[in-house]
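No hydrogens, no waters, no symmetry mates; every other heavy atom, side chains included, goes into these values. Since this is a predicted model, take the numbers as computed values, not measurements.
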Amino acid sequence: MSYLEELAGKVKAKNSNEPEFLQAVEEVLESLVPVLEKNHDIIKYKVLDRLVEPERQIMFRVPWIDEKGDINVNRGYRVQFNSAIGPYKGGLRFHPTVNLSIMKFLGFEQTFKNSLTGLPIGGGKGGSDFDPKGKTDLEVMNFCISFMTELQRHIGHYVDVPAGDIGVGAREIGYLYGQYKRILNSFEPDVLTGKGLTYGGSLVRKEATGYGILYFINEMMNHHGHSLENKKVVISGSGNVALYACKKAQEFGAKVIAMSDSTGFIVDENGIDFEKMRLLKEVQRKRISEYADMIPTAVYTEGRGLWNIKCDIAIPCASQNDIDVHEAQVLIDNGCIAVGEGANMPTTNEAVKLLLDNNILIAPAKAANAGGVATSALEMAQNSARMSWSFEQVDNTLKDIMKNIFKNSKNAAEEFNSPGNYIKGANIAGFMKVADAMISYGMN
Ligand code: GLU
């Protein structure tokens, strides 16, 4: 049995009830086969054995009072996965599906993603099975205050710097930071990112993940002789990532014809009206079905089926395992040329294989959606310098970072005999820097 097979077996045995974590590990280990053949220190220093074990996992009770005055209890998490190249960094997800497996897969992936940005940030992730949907502002605030009352013991600007993810946006970050500041009696803005602009937030942070995905897709398309001009794009989701991916896709001249939410999807062959969609989802927090009530050419369909829509580029920006092998086959049959992963692990491992076998270009999540966390690191830089940069300055830096991520992923794929396989390229490029630091530290 090879070293990697043996390791994969151990990880499976130890984490047998964590399917998402095992899926994420399996994908990375597979990419690293050619790296291990060339670099023997990785095995000698047990880099991978160490990497698949989070440095620390924190789970805690989050009691909170609802509008009726009743006590509710949720579970809070922070998985501090890897601090080899910087403080743990990664978002908080508030969603009823959150469990330890999801937190660990996200923390694991974050380690490689953050390394790819070229900035000094380690990997972590946290959140809760609390569902902000349908809750009042007061309930969300009560929950955030209670969540931070425990979390503050474990974070700090040199230790761990959380941010948003699904269910955690500007409103939640405001409540969380307010409580952090109060408990510590200290204004330390670089302990959280995605903050409001009046208290240490950065311009472009809100747009950064969506914009970054399109900057990456644009680089990838150009490299393969394509452009985004007039391409039909389908985006899943309609949250922060999906919205700003839509905006930037339109700026590149593409036509976004469909978007979705957890209840269904809308199609408009004339193209989505970004501003109307933004108001509906970002400001009013309403269901996407209401978009079809406003726009006569838009059609709403309840349930799944978004990936049956014929498109040139699919950009899954909703959640993990959004495109399975059957949906991948439909995309291929419909002539899709590229998949840009906006969400984390939105494509199953089987679907990825099928897409690659059919020469579909894949912009992998760890690379393509790294613009969000990269801009978080720029927010931290501005905070510690007590400065704020202009929109152009942040946006230009983000563009450069995304170009570099593409270049490094492309070069690594080529160096290890898989040109055009950006999944492998991104995994290898992200891994090398972390591995190098871990080897330098000896055993920890
Ligand atoms: N949650 C985002 C991600 O998946 C952003 C994390 C951050 O800004 O720290 O990368």
Side-chain angles (χ1 to χ4, degrees), residues 19-20 23 95-97 131 133 166-167 210 213 217 230-247 249-250 254-274 276-278 280-281 285-358 360-363 365 368-369:
E20 291 85 3
Q23 182 184 341
H95 194 270
T97 57
D131 187 0
K133 253 192 215 120
I166 295 172
I213 291 158
I217 295 176
N230 297 322
K231 293 290 184 298
K232 278 193 183 182
V233 173
V234 168
I235 297 178
S236 69
S238 46
N240 169 263
V241 177
L243 279 175
Y244 291 95
C246 169
K247 184 167 187 219
Q250 292 177 343
K255 197 183 228 186
V256 180
I257 54 166
M259 290 180 82
S260 65
D261 68 9
S262 56
T263 52
F265 60 94
I266 58 110
V267 184
D268 187 348
E269 291 289 340
N270 293 335
I272 305 270
D273 181 326
F274 168 75
K276 289 213 165 72
M277 184 62 89
R278 188 188 75 79
L280 188 74
K281 298 302 294 186
R285 297 172 189 269
K286 289 192 173 153
R287 308 279 12 157
I288 205 163
S289 53
E290 295 196 26
Y291 182 87
D293 301 337
M294 284 188 296
I295 313 267
T297 47
V299 178
Y300 174 71
T301 308
E302 188 105 5
R304 288 189 68 84
L306 178 77
W307 303 119
N308 295 331
I309 301 162
K310 191 175 160 47
C311 64
D312 301 306
I313 304 173
I315 312 187
C317 294
S319 199
Q320 63 273 0
N321 293 329
D322 187 2
I323 299 180
D324 67 13
V325 73
H326 304 290
E327 287 156 327
Q329 187 60 55
V330 176
L331 288 172
I332 295 163
D333 294 343
N334 281 342
C336 172
I337 56 173
V339 173
E341 297 188 327
N344 294 312
M345 204 169 73
T347 318
T348 66
N349 289 352
E350 259 186 308
V352 165
K353 283 200 183 88
L354 184 70
L355 292 167
L356 288 175
D357 286 346
N358 284 275
I360 309 294
L361 295 171
I362 304 183
N369 79 22

Handout entry: Y291 and F265 aromatic centres sub-6.0 Å
Key = no
Exercise for the section: Show your working on side-chain contact (heavy atoms from CB on, under 4.5 Å) between V241 and N369 and close with a plain yes or no. Expected result: CA-CA 9 Å; V241 177; N369 79 22; 5.7 Å; no
Exercise for the section: Answer yes or no: is there an ion pair linking E269 with K232, defined by an N-O contact shorter than 4.0 Å? Expected result: yes
Handout entry: Under 3.5 Å side-chain donor-acceptor pair for D324 and T348
Key = no
Exercise for the section: Any chance you could lay out the side-chain contact (heavy atoms from CB on, under 4.5 Å) test for C336 and W307, step after step, and finish with the verdict? Expected result: CA-CA 10 Å; C336 172; W307 303 119; over 6 Å; no
Handout entry: Main-chain N/O of A365 paired to N344 side chain as donor or acceptor, under 3.5 Å
Key = no
Handout entry: Flag, side chain of N358 to backbone of I360, donor-acceptor distance under 3.5 Å
Key = no
Exercise for the section: Looking only at non-hydrogen atoms, find the nearest pair between G340 and P316 and report the distance. Expected result: O-CD, 3.1 Å
Handout entry: Trace of the side-chain contact (heavy atoms from CB on, under 4.5 Å) decision for I362 with T347
Key = CA-CA 10 Å; I362 304 183; T347 318; 5.8 Å; no
Practice task
May I ask you to decide if P346's main-chain N or O and D322's side chain share a donor-acceptor pair within less than 3.5 Å?
Solution key: no
Practice task
Look only at the side chain of K310 and the backbone of N334, and say whether a donor-acceptor pair between them is shorter than 3.5 Å.
Solution key: yes
Exercise for the section: Indicate yes or no: at least one non-hydrogen side-chain atom of E327 is less than 4.5 angstrom from one of R304. Expected result: yes
Problem - Contact check, side chains of V234 and L306, non-hydrogen atoms, under 4.5 Å - result: yes
Handout entry: R287 and S262, any side-chain heavy atoms less than 4.5 Å apart
Key = yes
Handout entry: Side chains of L280 and M294 in contact at under 4.5 Å (non-hydrogen atoms)
Key = yes
Handout entry: Test item: S289 and T263 side chains (from C-beta on) under 4.5 Å apart, heavy atoms
Key = no
Exercise for the section: Keeping the roles fixed (side chain from Q250, backbone from I272), state whether a donor-acceptor pair exists under 3.5 Å. Expected result: yes
Problem - Which residues share a side chain to side chain contact (heavy atoms under 4.5 Å, CB included) with A363, sequence neighbours left out - result: F216, I217, M220, A368
Completion exercise
Residues K281 and S238: closest non-hydrogen pair is CE-OG, 3.1 Å
Completion exercise
Note: S236 and A242 closest approach over all heavy atoms is O-CB, 3.9 Å
Exercise for the section: State whether the number of non-hydrogen atoms from other residues, nucleotides or ligands found under 6.0 Å of E290 atom CD is greater than 12. Expected result: yes
Handout entry: Pair C246-M277, side-chain contact (heavy atoms from CB on, under 4.5 Å): steps then yes or no
Key = CA-CA 10 Å; C246 169; M277 184 62 89; over 6 Å; no
Practice task
Compare every heavy atom of C317 with every heavy atom of G342, then report the nearest pair and how far apart it is.
Solution key: CA-SG, 3.9 Å
Handout entry: A328 to L354 - nearest heavy-atom pair and separation
Key = CB-CD2, 4.1 Å
